[in-house]
*Asks:* 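Sharing a structure with you now.
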Amino acid sequence: MTSQSGGAHKADGAEHGGGENAELQDPLGTAFPESPEGRILFAVAFLFSIFQLATAAHLLDMPSQIVRAIHVGFLCLLGLPLVAVIKGESVPVRAIFWVLGILGMGVAAYQWWEYEPLIFRAGMPLPMDTAVGVAALVILFLATWRIMGPALPIIAGAFLAYCLFGNYLPSPFVTRGYVFSQVIDHMAFGTEGIYGIPTYVSSTYIFLFILFGSFLERAGMIKLFTDVSLGLVGGARGGAAKVAVISSGLMGTISGSGVANVVTTGQFTIPLMKRFGYKPAFAGGVEATASMGGQIMPPVMGAVAFIMAETLNVPYAAVVQAAVIPAVLYFGSVFWMVHLEAGKRGLMGLSRDELPSPLKALREGWYLLLPLGVLVWLLFSGYTPLYAGTIGLALTALLIIGAPLAGKISVQALRYVFWIGLGVSAASFFQYGIMPVAVTLVVLMLIAALFRGGRETLLLTRDSLAEGAKTALPVGIACAIVGIIVGTMTLTGVANTFGQFIVAVGDTSLFLSLVLTMITCLILGMGIPTIPNYIITASIAGPALLALGVPLIVSHMFVFYFGILADLTPPVALACYAAAPIARAPGLQISLQAVKVALAGFVIPFMAVYTPALMMQDGGPLSDAIGFWPAVVYIVFKTSLSIGLWGAAAIGFLLSPLKWWERLVATVAAFTLVAALPVTDEIGFGLSAAFIAWHVYQRRRHGAPVIANRTGGGTTPRGAAPADERVPVAE
C-alpha cells in the first residue's frame with residue numbers, strides 16, 4: 001500500500017540507517033511491478049480477493065477447512081514470487097519461488113481432493129499425507145521468512161522442534177515424546193495447527209475488513225480524514241502533530257494495520273510536522289505511535305480483535321466495548337504529549353487561510369462515511385463481523401461504482417431516485433441475501449463500462465481488490481505460521497508450565513506478574529508483529545492472569561495492548577522503520593521518540609487490571625464499593641490525571657518548563673495513581689494537587705515564559721519572535 005513517494009525516499013532513509021531496515025521489514029511496500037510477471041501476480045491477487053468475497057457472501061459454499069487451505073495456498077502462490085520479483089532477483093531464483101508458490105497451492109488442492117478421506121484417517125496419516133504435510137510446513141516457513149523476516153519462522157521452528165525433541169529436555173519442560181508423523185498430522189491437517197483459529201479469522205473477517213479499508217482509502221477517505229483533521233486542529237499549538245494523531249485515529253476506524261496507517265497518512269503528516277518545526281525523529285515517532293493505536297480504535301480495530309472474539313467465544317461488540325475507553329485515552333495521551341512538546345519548543349499552528357474547511361470536506365465526502373456508519377450499527381446490533389463486513393463492503397462498492405453514474409444524471413430529482421434505489425438494493429441484503437446486491441453491482445458495472453468515468457471507477461475497483469490482497473499477505477502468513485505455536489501448546493501443554501510460574505509470582509505480587517507479562521510481550525515484539533505476539537502471550541499468560549482474578553477480556557486486552565506497544569520498542573520496531581524513509585531519520589531514533597510519546601499509554605493496561613471498569617467490565621473492589629458507573633467515572637478521571645502527569649514528566653513542560661525535581665515529583669504522583677489501593681490513591685491525589693498548585697503558583701509569580709514561534713510554515717504568528725530566537729523563561 002506504500003505510495004510512490006514512500007518508495008522515493010528509500011535512498012534517504014537508507015542513508016540514515018533506517019531505509020534498509022524498513023525495506024527488509026516490508027518487502028511488499030511497493031506497487032505491483034510493471035512487467036509480465038507483475039501483471040500475472042496482479043491477476044493472482046485479484047482472483048484471491050474474488051475467491052474471498054465469493055466465500056464470504058456464500059456465493060461459493062465450501063467447508064471451512066478447504067477455505068482455510070485455499071487461503072493459505074493463495075498466500076504462498078502470491079507472496080513467494082511477488083517478493084522475488086519486487087527484489088529483482090535472478091530468473092532461476094524467481095523460477096524456484098514460482099514453483100514453491102504453485103506447490104503451496106497444490107497442498108490446498110490435495111486437501112480439497114482428499115477432504116473426506118483425511119477426516120476418516122485423522123490421527124493415522126498415510127505416507128503421502130505426511131509428505132504433503134512436510135511440504136506445506138516447509139513452504140509456509142519459506143514464505144514467512146521472505147515476507148516477514150527471520151524472527152517469526154525461528155520462533156515457530158523452535159516450538160516445532162520442542163514437539164519433536166521435547167522428551168529429551170529436563171523437567172518441568174519434558175514431554176512424553178511424539179512420533180514425526182503425529183506432529184506433522186497435528187500441524188498440517190485439521191484445525192489445531194496452521195489451519196487453526198488464526199487462519200480461520202484471517203480467511204474470513206480480516207481479509208474482508210482489509211478490502212473494506214482498501215476500497216475506502218482509494219475512494220478518498222484519507223483525504224477526507226486529513227482535511228477534517230487539518231481544518232479542526234491545524235491552527236492550534238503544534239497543530240501538525242495533532243493532525244497526525246486525529247487522522248491516524250480516524251484511519252484506525254477503517255484500517256487495523258499500524259504499518260499501513262504509517263505509509264498512508266504518514267506521507268502527508270510527517271512532512272507537515274517537519275515543516276512545522278518538529279524534529280524528523282519526533283515526527284516519525286508521533287505518526288508511528290498514533291498509527292499503531294489504530295489497532296485498538298473501534299469499530300474495526302485490528303486483526304487481533306477478531307481473533308480475540310473468536311478465541312474467547314464472545315461477540316465482537318464485547319471486545320469493542322472493552323476497547324473504547326482505553327482507545328480514547330491512548331489517543332488522548334498522544335495528543336497531550338505533542339501539545340506539551342509544541343509548548344516546550346514554541347511550535348504554533350498554520351494561519352487560517354492555509355487551512356481547509358472541515359465542513360466543506362464533509363459536504364464533499366459525506367457519502368464515504370455511510371459504509372462506516374452502517375458497519376458500526378451492525379456490529380453493535382449483534383450481527384457477526386463477517387455479516388457486517390460483507391454488507392459494509394457491498395455498500396462501499398455500490399457507492400463507488402454508483403457515484404460516476406449519478407454524476408451523469410442532470411436532473412436532481414432523478415439523481416435522488418437513483419441513490420434511493422441503490423439504498424433499497426443494499427437494504428434487500430437483510431431479507432433476500434447477497435443475490436439482489438450482486439445483480440445490482442453487475443448491472444452498475446455493465447453501465448459504467450460504457451463511459452470514460454465509469455471505466456476509470458471500474459479500474460479503481462479492480463486495483464483495490466488486488467492491493468487489498470497484497471496488503472493481507474503479512475497478516476495472513478503470520479496467522480498461518482503462528483498456528484504452529486498454538487498447535488505446540490495444545491499438543492504438549494507447555495503453556496501450563498509458564499502459566500504456573502506467573503501464578504506463583506502473582507500469589508506474592510499481582511504487579512510483578514503484570515510486569516513479567518508486559519516484558520514477555522515487549523521481548524516478543526522485538527521480533528514478531530502484534531498478531532503472533534498476542535496469540536503466544538495470550539495462550540501462555542492469559543489463563544494465568546485469569547487465575548489471579550483478572551477478568552477474561554481484561555487479561556487478553558492487557559496482552560493485546562502491550563503487543564501493540566511492542567511494535568514501537570527498539571531494536572525492532574516495525575512501525576518506526578516504516579516511518580524512517582518518510583521522515584528521513586534512523587528507525588532507532590524514531591523508535592526512541594515513539595516510546596517517549598507512548599509513555600503515558602503504558603499505564604492504561606495496568607490501571608484496567610486493578611479497576612476493570614476502565615474497560616467497561618464488572619469486577620474489582622472499587623466497582624463493588626461504589627457501583628459500576630461511579631467506578632467508570634472515577635477510574636477515567638484518575639487515569640487521565642496519571643497520563644497528564646506522565647506526559648509532563650516525560651516532556652519536561654506543563655504551563656512552563658519543569659525543573660528536574662518537579663519532573664521527579666510528577667513521576668512519583670503518576671506512579672502512585674496506577675494502583676487501585678486506597679492509600680496509593682490518597683498519596684497520588686495529594687502529590688498531584690501539590691505539584692499542580694506549586695506549578696501554577698510559580699507560573700503566576702514569574703509570568704508566562706516567552707517562547708519564540710519555531711513553526712517552519714513560512715509565517716510568524718501574532719507577536720512572535722523570529723523563528724531562530726528563543727527567549728528564556730524569566731527567573
Side-chain angles (χ1 to χ4, degrees), residues 229-230 232-249 262 265-266 269-293 329-350 565 568 575-576 579 582-583 585 589-603 640 642-660 662-663 666-667 670 695 699 704-713 717 720-721 723-729:
S229 304
L230 193 59
L232 289 176
V233 298
R237 174 194 290 180
K242 293 175 180 177
V243 169
V245 175
I246 294 178
S247 60
S248 295
V262 170
T265 60
T269 58
I270 291 176
L272 182 65
M273 283 187 275
K274 289 171 64 178
R275 185 166 74 87
F276 258 60
Y278 285 103
K279 294 180 179 178
F282 187 84
V286 169
E287 179 57 43
T289 306
S291 292
M292 290 309 299
L329 289 172
Y330 178 90
F331 279 98
S333 70
V334 179
F335 198 89
W336 175 243
M337 296 293 276
V338 299
H339 178 78
L340 294 177
E341 181 75 12
K344 180 180 179 180
R345 301 191 178 278
L347 305 177
M348 308 306 291
L350 290 169
L565 293 173
L568 303 174
C576 298
I582 306 173
Q589 287 186 14
I590 293 176
S591 178
L592 294 174
Q593 292 296 323
V595 170
K596 183 176 80 170
V597 173
L599 185 64
F602 277 76
V603 308
S640 301
S642 180
I643 286 172
L645 294 170
W646 279 117
I651 300 297
F653 186 89
L654 190 54
L655 300 175
S656 59
L658 300 176
K659 298 181 175 63
W660 69 268
E662 292 175 316
R663 297 172 73 172
T667 302
H695 187 72
R699 166 74 179 269
V706 180
I707 302 176
N709 172 43
R710 291 171 175 266
T711 300
D724 58 349
E725 297 180 8
R726 183 186 179 96
V727 182
V729 181

*Asks:* Taking C-beta and beyond as the side chain, do Thr289 and Gln593 meet within less than 4.5 Å on heavy atoms?
*Replies:*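 A side-chain contact is absent here, since even the closest heavy-atom pair is not under 4.5 Å.
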
*Asks:* Using the rule given for side chain to side chain contact (heavy atoms under 4.5 Å, CB included), can you reason through Leu658 versus His695, listing the C-alpha separation, both sets of side-chain angles and the distance that settles it, and then say yes or no?
*Replies:* CA-CA 8 Å; Leu658 300 176; His695 187 72; 3.3 Å; yes

*Asks:* For Glu287 versus Ile270, what's the shortest heavy-atom pair and its separation?
*Replies:* CB-CG1, 3.8 Å

*Asks:* Can you give me the closest heavy-atom contact between Leu340 and Ala648, atom names plus distance?
*Replies:*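 In terms of heavy atoms, the two residues are closest at CD1-N, 3.5 Å.
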
*Asks:* To the nearest 0.5 Å, how far apart are CZ in Phe335 and CD1 in Ile643?
*Replies:* 14.0 Å

*Asks:* Which pair of non-hydrogen atoms, one from Ile590 and one from Gly285, has the smallest distance, and what is that distance?
*Replies:*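 Of all heavy-atom pairs spanning Ile590 and Gly285, the closest is CG2-N, 3.5 Å.
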
*Asks:* Of the non-hydrogen atoms in Lys344 and Phe653, which two are nearest, and what is the gap between them?
*Replies:*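 Heavy atoms of Lys344 and Phe653 come nearest at CA-CD1, 3.7 Å.
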
*Asks:* On a heavy-atom basis, which atom in Val603 and which in Ser642 lie closest, and how many Å separate them?
*Replies:* CG2-OG, 4.2 Å

*Asks:* So, does Arg663 use its side chain to make a donor-acceptor pair with the main chain of Ala650 at under 3.5 Å?
*Replies:*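 It does hold such a pair.
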
*Asks:* Using a 3.5 Å distance criterion without hydrogens, assess whether the side chain of Lys242 forms a donor-acceptor pair with backbone atoms of Val338.
*Replies:* no

*Asks:* Is Val286 close to Met337 at the side-chain level, that is, under 4.5 Å between some pair of heavy atoms?
*Replies:* no

*Asks:* Would you mind reporting whether Lys596 and Phe282 have side-chain heavy atoms less than 4.5 Å apart?
*Replies:* yes

*Asks:* Give me the atom names and distance for the closest heavy-atom approach of Pro657 to Glu662.
*Replies:*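 Closest approach of Pro657 to Glu662, heavy atoms only: O-OE1, 4.3 Å.
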
